[in-house]
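Below is one structure, written out as structure tokens, with a few remarks after it.
Just so you know, these numbers use all the heavy atoms, side chains as well, and skip hydrogens, waters and symmetry mates. Quantities reported herein were computed from a predicted structural model and do not represent experimental measurements. Below, read A as the first sequence line, B as the second, and so on, with proteins coming before strands; counting in each chain starts at 1.
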Amino acid sequence: MVYAYYPGCTLHQQAAGFRDSTAKSAQALGIELAEMPNWQCCGAVYPLARDNLFGVVSAARNLAAAHDLGQAMVTICSACYHVHKRTNRLMATDQDARAKLDAYVETEYDGSGEVLHLLEVIRRDIGFDALRERVKVPLEGLKVAGYYGCLLLRPQEELEFDDPEAPRILEDLIEGLGAEAVTFSHRAECCGQYLSLSNPAAAHRCSGAILRSARRAGAEVVVTSCPLCFFNLDEAQAELAREDPEFQPLPVLYFTQLLALALGAWEQPWLPAEHQVDPGPVLSRFKLPVAEPAGSEE
Amino acid sequence: MTGPAEPADRLCRPGRLGFDELRLIDLRLSREDLRSELWQRLGEISGEKIVKCYQCGKCSAGCPLDADADPPAHQVCRLVQLGMVHEAMQTKTIWLCAACGACSARCPRGIDLPRLMEALRAMVLRGAPPVLHASELPKEVLERAPQQGLVGGLRKLSG
């Protein structure tokens with residue numbers, strides 16, 4: 001099954017590690033992600049003003065294009081997922097909005113297409129139990145905090161992704177990779193989002209609370225699927241260390257980077273320039289086993 | 001600003017409102033207050049019926065920005081209920097809401113508070129200069145922030 005892959009803007013700019021680890025993991029798992037031609041930025045935020053349909057025009061265009069390809073749309077960035085899933089539902093349930101959007105975009109799309117997050121594709125097409133059998137480098141003993149943030153979970157009635165108060169999908173993935181999923185109180189709390197641009201101190205308090213919560217739970221690494229969560233959590237740590245000399249930095253990774261590492265799909269699935277906190281010290285103990293020389297089994 | 005300046009000044013100052021301060025606000029409500037043009041527009045843009053709020057405070061209790069919010073989220077609802085839309089538009093709180101949805105996921109009255117906050121922001125921003133300017137962001141933020149954050153932030157904080 002081929003999916004209409006929508007990478008989004010950030011992956012081709014600041015999050016090449018997210019993009020490349022996704023491509024390598026999908027290939028190792030046999031998930032066919034065909035990047036959509038001529039996709040456009042989804043707008044990054046879903047407009048909440050009910051009279052602002054203009055803010056979802058580009059998402060509507062992307063959805064119609066995926067539908068024309070006859071493929072379900074797959075995203076990996078939490079914001080791309082959030083915006084497309086909600087826009088799709090708007091077009092399926094609000095006839096007035098649909099008529100206006102279709103007229104503007106010049107399509108006849110009715111919201112009947114499917115928008116999936118890569119985590120949902122792995123759960124549905126592979127299954128987390130079966131994923132265990134694909135793992136070449138089990139991440140034994142690694143304590144991982146699966147951080148959801150907001151955009152994957154809320155509003156649940158529109159996204160239907162997971163339980164917003166007690167989500168499981170990241171923990172299931174982490175355990176599927178042989179690692180230990182730590183449950184921490186702030187896994188679905190907001191990182192401060194774009195307040196890091198307009199009110200950095202307030203955003204820092206949000207990110208700091210999340211990182212301290214993950215540390216208290218014993219986490220060695222945090223995984224996310226949101227580039228803005230990644231940025232806020234990774235950038236907050238220097239300041240946190242200044243505030244509290246006891247604070248131990250906590251590397252932040254995209255979930256696909258852990259996946260690529262465990263699948264043996266990419267030897268060092270992170271790009272050092274993209275990280276303020278180097279994941280090397282925590283992850284360098286996980287290496288692909290050296291291949292046996294040919295014929296050694298005989 | 002126009003309109004009743006005094007209550008807004010009290011509400012916008014740092015710190016929480018005490019009962020004594022709340023008593024100082026003129027609470028006389030008229031039909032005109034509740035049917036003002038601002039009230040109508042707020043209802044249209046947000047799509048929310050704020051009269052349903054019974055002030056339990058669950059939204060503020062779970063708000064990740066509550067430490068900075070002034071006044072707390074449920075008091076913004078209260079201002080709107082009292083017809084003080086203009087005052088609600090002047091709170092610091094509407095610029096702190098990141099629309100994370102923790103409040104609306106837990107609201108026992110089914111109110112989508114991020115939609116109210118966005119409508120209040122929209123009423124300030126439409127036809128007004130943006131609150132966040134790309135030219136004012138530090139160079140290192142522009143270089144390191146993900147496109148998602150830059151696009152999202154600049155869209156949220158401009159008209």
Side-chain angles (χ1 to χ4, degrees), chain A residues 8-15 18 41-52 55 77-80 83 149-151 153-157 159 164-165 186 188-203 205-206 209-210 226-232 234-235 274 276, chain B residues 41-48 62-69 92 95-106 110 112-123 125-126 130-134 136-138 140-157:
Chain A
C9 307
T10 312
L11 270 78
H12 284 308
Q13 300 289 332
Q14 307 287 36
F18 196 9
C41 171
C42 67
V45 283
Y46 184 76
L48 297 173
R50 294 197 191 262
D51 59 353
N52 180 4
C77 162
S78 299
C80 299
V83 171
C150 322
L151 296 172
L153 298 175
R154 296 181 293 262
Q156 184 196 22
E157 56 278 17
L159 299 173
E165 302 287 355
H186 283 53
E189 289 282 300
C190 175
C191 70
Q193 291 197 30
Y194 40 80
L195 290 176
S196 50
L197 306 179
S198 59
N199 191 336
R205 275 189 278 282
C206 294
I210 292 158
C226 176
L228 190 47
C229 294
F230 179 102
F231 174 75
N232 285 344
D234 197 37
E235 296 278 329
E274 292 186 350
Q276 295 287 313
Chain B
R41 263 174 62 205
L42 185 65
E44 283 164 18
I45 298 175
S46 71
E48 296 300 307
C63 175
L65 275 314
D66 186 60
D68 294 273
K92 186 180 156 191
W95 304 107
L96 280 161
C97 171
C100 79
C103 51
S104 42
R106 296 163 185 170
D112 195 338
L113 202 47
R115 285 199 184 268
L116 175 75
M117 299 292 177
E118 180 125 320
L120 289 166
R121 283 193 300 270
M123 287 164 67
L125 286 167
R126 289 178 184 176
V131 167
L132 182 67
H133 299 260
E136 289 170 9
L137 289 171
E140 61 271 21
V141 170
L142 284 173
E143 281 171 358
R144 291 197 65 83
Q147 281 60 39
Q148 171 206 352
L150 294 169
V151 173
L154 291 165
R155 286 183 85 203
K156 277 277 177 188
L157 299 172

Should the pair [X]-[Y] be classified as a salt bridge under the 4.0 Å nitrogen-to-oxygen rule?
{"X": "B:Arg126", "Y": "A:Asp51", "answer": "yes"}
{"X": "B:Arg41", "Y": "B:Glu44", "answer": "no"}
{"X": "B:Glu48", "Y": "A:Arg50", "answer": "yes"}

Separation between CG of B:Leu150 and CG of B:Leu137, rounded to the nearest 0.5 Å = 7.0 Å
Contact part of [X] toward chain B, heavy-atom cut-off under 4.5 Å: side chain, backbone, both or neither?
{"X": "A:Phe230", "answer": "neither"}
{"X": "A:Pro227", "answer": "both"}
{"X": "A:Glu157", "answer": "neither"}
{"X": "A:Gln156", "answer": "neither"}
{"X": "A:Leu151", "answer": "side chain"}
{"X": "A:Leu197", "answer": "both"}

Can you tell if the side chain of B:Lys156 reaches within under 4.5 Å of the side chain of A:Gln193, non-hydrogen atoms only?
->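 No, too far: nothing below the 4.5 Å cut-off.
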side-chain contact (heavy atoms from CB on, under 4.5 Å) with A:Cys80: which of A:Cys9, A:Cys41, A:Cys226, A:Cys42?
-> A:Cys42
Chain A contacts, top residue of B:Glu143, B:Glu136, B:Arg106, B:Arg121 (heavy-atom pairs, under 4.5 Å) | B:Arg106
When only pairs under 4.5 Å are counted, which of B:Pro114, B:Ala145, B:Gly47, B:Ala102 shares the most heavy-atom pairs with chain A?
-> B:Ala145
Look at A:Gly43, A:Pro164, A:Ala15, A:Cys150 and state which one has the largest set of heavy-atom pairs under 4.5 Å with chain B.
-> A:Gly43
Check for a donor-acceptor pair, side chain of B:Arg115 on one end and backbone N or O of B:Ser46 on the other, with a separation under 3.5 Å.
-> no
Counting only N and O atoms by type, is there a donor-acceptor contact under 3.5 Å from the side chain of A:Arg154 to the main-chain atoms of A:Ala188?
->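 Side chain of A:Arg154 to backbone of A:Ala188: a pair is present.
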Region of [X] in contact with chain A, defined by heavy-atom distances below 4.5 Å:
{"X": "B:Glu118", "answer": "side chain"}
{"X": "B:Leu116", "answer": "neither"}
{"X": "B:Cys97", "answer": "backbone"}
{"X": "B:Ala119", "answer": "neither"}
{"X": "B:Leu132", "answer": "side chain"}

When you look at A:Val45 and B:Val151, which way does the side-chain contact (heavy atoms from CB on, under 4.5 Å) test go after all the steps?
-> CA-CA 8 Å; A:Val45 283; B:Val151 173; over 6 Å; no
